[in-house]
Every structure is written in structure tokens, then in C-alpha cells.
Amino acid sequence: MIIQSKNFNIQQIADSGQCFRMNKIGNNKYSLVAYNKYIELAQVDRELVEISCSSQDYDEIWKEYFDLDFDYGIIVDRLLRGPDEFLRKAVQFGDGLRILKQEPFETLISFIISQNKNIPAIKRSIEKICERYGEQKEWNGIYYYTFPTPEQLADAREEELRSTGLGYRDEYVIKAARAALKGDLNLGALKDCCYKEAITQCKGLRGVGDKVASCIALYGLHHLDAVPVDVWISRTIEKIYNYNFDWEVYNGYAGIVQQYMFYYIRNIRNGSLMKDGGEDEIHRKA
DNA sequence: GCCCAGGAATGTA
DNA sequence: TACATTCATGGG
């Protein structure tokens, strides 16, 4: 079905580093596996996206998944009219970004895997885990694998997990799956508490620090105040702002601001930005 | 072959 | 508290 929405660009979302199972399959076309479903997305026009799903699945899953009840234009306009030149350019560049509401358990495992890995390697590992521990399903002749449940992952053997390229993270993944299964970590409940508490709880898991916990809070629990600070964000705070940046200015949507920032610095000039250049270079190219 | 990756745990001062 | 080192593997 065709969805009309402002600030909804599937290419930008696919390349925003928040999800790992959204892949380009053609011109302005992407596939996505989430919530045990496979869909294809096509950017028909600037404000038109075609989703290969029933109206029932749209109402029950995808409308929520893409956060389509929220008007990101409010945030975009506010930043465009704001005093921060770097952020003005960042939102212009990524004005179709949205914060997805991904499955908490998948988000937890995915970002545990993400530590000290590049995005193609993360995707590859996750896909192998789905093939080995998830379920095979079919949609219109296309076979895909669901992301494993905590039960399916909890009794995996470490050596078997290793073959998916996890490296030393294998024990982290198993322990997290068992914690989710036993209820030591109740991800569902963490949606309702404040973001700081959610981050603290997630950090109780081995292999989960501030950054990964913030990713879980933002992308899996939709705590918009959670701000994942990875190497790129911290490089930006250093080189663009000279360590002078206050997230509290953006109270209530700091995580979204972080997303515009991340997408901008990662994707402008082919990603190899400000290794030793800094502010001048970034603005010249912008 | 080399450097780095949407980091975290551990050790050292 | 503030850095430095180590970790296993793959992409570019």
C-alpha cells in the first residue's frame, strides 16, 4: 500500500546505522525483515512510500515501526530555525530520518554485536545468526529468516555462535539471551521507566556499556532522550564543537538530534570525513 | 599486510 | 577519575 508522509525517506533510514536488516534491492527499493515479517519498500516520491504489506499489517506493525504518527517536521523546522549551523546542515541533509521502533530483544543483541565492528560486518553476523537460529519463512517466493527469540538463542553453543563471526562477543550474546529469557532483564518493562533507568539496567549485562545501552534505549525502547555516543559523535563534539556541546538543550529529542548528526557525518563525502580536517573541510563540502 | 570498526572490560597511576 | 591495553574478526 502507498503511504503519504513527510520526512520519510527509506534510503536515509536504511543508511542511518540504527537498523541492520534493511537492504537495498534496487533503485529506491529496499527490503526489510522485522517482527517476523518481510516487506519491500519503494520511495515513489519525496513524500510517498510504497510498502508491500496488507492494510492490517500496516496498522498493526509498520505504522508504529516507522513512527509515522509523530511529526518529525516539528524537529526539523526547529533545528532549521535554530542557531546551530552544523545542525542546520545536518537536518537539511537527513530530513527524512526517523527513529524506528525496533524489537527490543533484536536491538539488544544487534548492538551487543555492533561493538568494535563496522556496519557491513555487523549485518553479516546478524544475518548468519538469523539463518542458524531463526525460522525460515516465505513471502511471495522469497525466503527469509526471522530474528531468533531469546529461547532460540539461549541454548546456542559458543563454538557454534563463533562461526557467525562474533569473535569474543559470543558469550555476551548468550548471556544476554539467557537474561532476557529468565526475566533478569525485562525489556518490556524498561519502556515504561525513564531512559536513565533503562540504560542502567541494560548496563548490568556483560558487554553492554554506555553506548550500546543508549542504542537499546533509543532504537528498541524509543527513549528519545537517550544519546548513543560512538566514535563519530565524539569526534564531532571534539572537532566541530571543540568539546562544547550540551545535549540538554535538546531535551525530549536529543536522541533524534544525535541521529541527524550521525547520518550527516557518516554519509557526507563518502564517510571519510574529518580524519584530520575538521570544521573547515566539513562546511566546505556541505 | 595494514588499519580500523556505531566499544567494553580490565589494568595502572 | 583518567588513560592505556586488550579483545576476535572482517571490510576496505
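Below, chain A is the first sequence line, B the second, and so on; all start at residue 1.
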* Assert yes or no for the condition that the ring centre distance of A:Tyr264 to A:Phe86 is strictly below 6.0 Å. => yes
* **A:Phe111 ring center near A:Phe20 ring center (under 6.0 Å)** =>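 Centroid separation for A:Phe111 and A:Phe20: below 6.0 Å.
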* Structure fact -> The first and last nucleotides of DNA chain C lying within contact of chain A, meaning any atom under 4.0 Å from one of its heavy atoms, run from C:dC7 to C:dG12
Pairwise [atom1] distance for [N] and [M], with rounding to whole Å:
N	M	atom1	answer
B:dG1	C:dG10	P	16 Å
B:dC4	C:dA4	P	16 Å
C:dT5	B:dC3	P	15 Å
B:dG11	C:dA8	P	15 Å

Using atom [atom1] of [X] as one end and atom [atom2] of [N] as the other, report the distance to the nearest whole Å.
X	N	atom1	atom2	answer
A:Lys203	B:dG7	NZ	P	16 Å
A:Tyr168	B:dA9	OH	C1'	9 Å
A:Ile233	B:dG7	CD1	C1'	15 Å
A:Gln115	B:dG6	CD	P	13 Å
A:Ile122	B:dC4	CD1	C1'	13 Å
A:Leu108	B:dA8	CG	P	13 Å
A:Lys211	B:dG6	NZ	P	9 Å
A:Asn116	B:dA9	CG	P	13 Å

* Return the set of residues passing side chain to side chain donor-acceptor pair (under 3.5 Å) with A:Gln136 (not counting sequence neighbours), or none when no residue passes. =>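 Side chain to side chain donor-acceptor pair (under 3.5 Å) list for A:Gln136, sorted by chain: A:Tyr145.
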Base, sugar-phosphate, or nothing for [X], non-hydrogen atoms under 4.0 angstrom?
X	value
A:Ser16	base
A:Arg169	base
A:Asp210	sugar-phosphate
A:Gly207	sugar-phosphate
A:Glu171	nothing

* To do: For A:Phe262 and B:dG6, say yes or no: do the ring centres fall under 5.5 Å of each other while the ring planes differ by less than 30°?
  =>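 Stacking between A:Phe262 and B:dG6: present.
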* **Earlier contact from the 5' end, DNA chain B, for A:Asp230 and A:Tyr172** => A:Asp230
* **Toward the 5' end of DNA chain C, by each residue's nearest nucleotide, A:Ala121 or A:Arg162** => A:Arg162
* Name the closest nucleotide to the A:Arg206 side chain, picking from B:dG6, B:dG7, B:dA9. =>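 Output: B:dA9.
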* Structure fact -> For A:Asp95 and A:Gln12, the nearest pair of non-hydrogen atoms, with its separation, is N-OE1, 3.5 Å
* Asked: Any idea which heavy atoms bring A:Arg157 and A:Tyr133 closest together, and the distance?
  ->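 Closest approach of A:Arg157 to A:Tyr133, heavy atoms only: O-OH, 4.3 Å.
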* Any side-chain heavy-atom pair of A:Thr107 and A:Leu218 under 4.5 Å -> no
* Would you check if A:Met22 and A:Leu32 make a side-chain contact, meaning some heavy-atom pair closer than 4.5 Å? => yes
* With a 3.5 Å cut-off and just heavy-atom distances, do the side chain of A:Tyr219 and the base of B:dG6 make a donor-acceptor pair? ->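 Pair found.
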* To do: Determine yes or no for a side-chain-to-main-chain donor-acceptor pair under 3.5 angstrom, with A:Asn7 supplying the side chain and A:Gly73 the backbone.
  => yes
